[in-house]
Amino acid sequence: MKTTIIGLLVLATANINAQEKAQTYQLADAPRYSEETGYGYDLVATPAKGSKAPFFFSVRVPDGNYQVTVRLGSKKQAGVTTVRGESRRLFIDNLATQKGQFVDKTFIINKRNPRISEKESVRIKPREKTKLNWDDKLTLEFNGDAPVCQSISIKPADPSVITVFLCGNSTVVDQDNEPWASWGQMIPHFFGTDVCIANYAESGESANTFIAAGRLKKALSQIKKGDYLFMEFGHNDQKQKGPGKGAYYSFMTSLKTFIDEARARGAYPVLVTPTQRRSFDATGHIRDTHEDYPEAMRWLAAKENVPLIDLNEMTRTLYEALGPETSKRAFVHYPAGTYPGQTKDFADNTHFNPYGAYQIAQCVIEGMKKAVPELAKHLKIDPSYNPAQPDDVNVFHWNESPFTEIEKPDGN
């Protein structure tokens with residue numbers, strides 16, 4: 001027994017020390033991930049030499065923000081590499097390297113699991129139990145036309161890093177599988193190493209159910225002074241009927257809880273009005289389908305002196321600029337047979353594909369520059385985006401992840 005206790009103490013000390021400095025993993029001849037190794041290739045086959053197939057690499061780490069440096073390149077081949085983390089959060093997009101060239105890129109990524117305390121955990125949904133966002137590993141996806149990576153270094157991020165917590169529904173959540181995507185998983189691409197995006201959004205959630213499931217409590221257990229708490233709700237809230245429900249009743253009460261709890265911890269709340277649905281009238285204009293929920297958020301922002309990003313108005317402009325037909329290419333509209341097991345056409349007018357999610361992320365960035373300029377100062381990439389002039393869908397390049405899903409996200 002004494003030997004066992006000493007061994008556990010030594011292991012615990014080693015783990016603490018390991019978290020204080022960078023751990024570097026050479027990918028050449030790295031093992032498969034296992035609980036014994038705590039790191040290695042994961043989810044799909046280990047890449048063969050010269051392969052252009054996507055691959056995944058996981059490392060077991062505690063909750064927190066991590067600084068990750070990837071050395072992209074190869075002595076033997078040219079590469080074009082995209083790096084995503086956890087549930088398809090975008091960090092590095094189509095970086096080209098020549099044969100023999102190596103490029104170091106560093107980003108900050110948030111890792112979490114459902115545990116809030118020894119006695120309490122987030123009540124995640126059954127379909128979330130396989131999400132990479134909620135496990136005990138930090139997982140990186142290497143994709144692109146020819147993904148190449150020599151090494152990965154991981155260490156805890158500096159405590160001064162600002163964390164932006166995203167709270168919302170299926171229009172915000174990190175979607176694990178193709179062809180679904182949301183703006184929250186595209187936002188990390190635009191920030192440097194002094195900001196970390198922690199996306200706590202989940203499909204089907206309303207402001208009150210987000211609180212009831214312990215999602216806000218989990219975020220508050222991690223938040224610190226100077227961080228931000230973004231809230232985009234409304235899609236699912238408007239479906240709640242009955243006494244006390246409504247935009248100016250239960251919805252306001254829940255949002256006020258978010259605001260008060262953030263401010264109590266020295267963090268900054270930010271309201272984001274819900275994205276429009278793709279619903280055109282006969283004249284080619286977007287119909288308002290969110291009742292008075294966007295206006296209620298504007299009212300609350302003014303009353304509580306909270307910054308507001310009016311995504312509702314920007315996405316109206318975006319969809320009308322694309323038009324009734326081209327706008328389908330920003331949403332999950334695909335004929336049957338496009339994806340494995342897809343026996344029916346996809347015609348979803350709420351949920352985005354990667355192109356649409358990327359456009360809306362740029363809308364959020366533009367709104368951020370106006371409403372939250374102190375945070376926007378930390379942008380690594382400033383797209384100077386105009387939703388009236390969206391990116392050409394025909395030149396948007398996205399290498400799909402290996403995993404697909406034919407079941408639509410919760411909420412509509």
Centroid separation Y358 to F190 less than 6.0 Å:
yes
is_close_aromatic(F403, F56), centroid dist under 6.0 Å
yes
Assess whether atom [atom1] of [X] is packed by more than 12 heavy atoms of other residues, nucleotides or ligands within 6.0 Å.
X    : atom1 : value
Y268 : OH    : no
Y249 : OH    : no
K75  : NZ    : no
K408 : NZ    : yes
K99  : NZ    : no
K224 : NZ    : yes
K369 : NZ    : yes
Q98  : CD    : no

Does the side-chain contact (heavy atoms from CB on, under 4.5 Å) test come out yes or no for E202 and I124, once each step is laid out?
CA-CA 9 Å; E202 174 51 32; I124 61 175; over 6 Å; no
S58 and D42 side chains, donor-acceptor separation under 3.5 Å:
yes
Tell me yes or no: between the side chains of D288 and H290, is some donor less than 3.5 Å from an acceptor?
no
Regarding K111 and the six-membered ring of Y66, is the cationic atom NZ or CZ under 6.0 Å from the ring centre and inside 45° of its axis?
no
Does the cation-pi check pass for R84 over W398, that is, NZ or CZ under 6.0 Å from the six-membered ring centre and within 45° of its axis?
yes
Exercise: identify the closest heavy-atom pair between [X] and [Y]:
X    : Y    : answer
Q222 : D227 : O-OD2, 4.5 Å
N133 : N199 : ND2-O, 4.2 Å
G204 : N236 : C-ND2, 3.2 Å
M186 : P354 : CE-O, 3.6 Å
C363 : L311 : CB-CD1, 3.7 Å
E86  : L138 : OE1-CA, 3.4 Å

Is there side-chain contact between [X] and [Y], with at least one heavy-atom pair below 4.5 Å?
X    : Y    : value
Q101 : L72  : no
E261 : R265 : yes
F142 : I152 : yes
L90  : T82  : yes
Q276 : N312 : yes
M252 : L255 : yes
F165 : L220 : no
C167 : R215 : no

Tell me which pairs pass ring pair (Phe, Tyr, Trp, His ring centres under 6.0 Å) where either residue lies in residues 87-110, with sequence neighbours left out.
F91-F107
The test is side chain to side chain donor-acceptor pair (under 3.5 Å); show your working for H333 and N349 and say whether it passes.
CA-CA 8 Å; H333 273 251; N349 294 313; 2.7 Å; yes
Among W180, Y355, Y319, which residue meets the ring pair (Phe, Tyr, Trp, His ring centres under 6.0 Å) test with F331?
Y319
Could you work out, with side chain to side chain donor-acceptor pair (under 3.5 Å) as the rule, every residue matching R88, not counting sequence neighbours?
E178
How are the rings of Y41 and F55 set to each other: parallel, tilted or perpendicular (split at 30° and 60°)?
perpendicular
Only counting residues at least two apart or in another chain, list the ones meeting ring pair (Phe, Tyr, Trp, His ring centres under 6.0 Å) with F280.
none
Side chain to side chain donor-acceptor pair (under 3.5 Å) assessment of Q67 paired with D158
CA-CA 8 Å; Q67 177 178 303; D158 191 281; over 6 Å; no
Could you walk me through whether R89 and N110 pass side-chain contact (heavy atoms from CB on, under 4.5 Å), step by step?
CA-CA 10 Å; R89 303 176 211 158; N110 177 263; 4.1 Å; yes
Taking only Lys NZ, Arg NE, NH1 and NH2, and the carboxylate oxygens of Asp or Glu, determine whether R60 and E35 approach each other closer than 4.0 Å.
yes
Basic-acidic side-chain contact under 4.0 Å: E405, K131:
no
Derivation and outcome, side-chain contact (heavy atoms from CB on, under 4.5 Å), residues T193 and V161:
CA-CA 7 Å; T193 55; V161 166; over 6 Å; no
After noting the C-alpha distance and the side-chain angles of V164 and F191, does the key distance pass the side-chain contact (heavy atoms from CB on, under 4.5 Å) rule?
CA-CA 11 Å; V164 180; F191 282 99; 5.7 Å; no
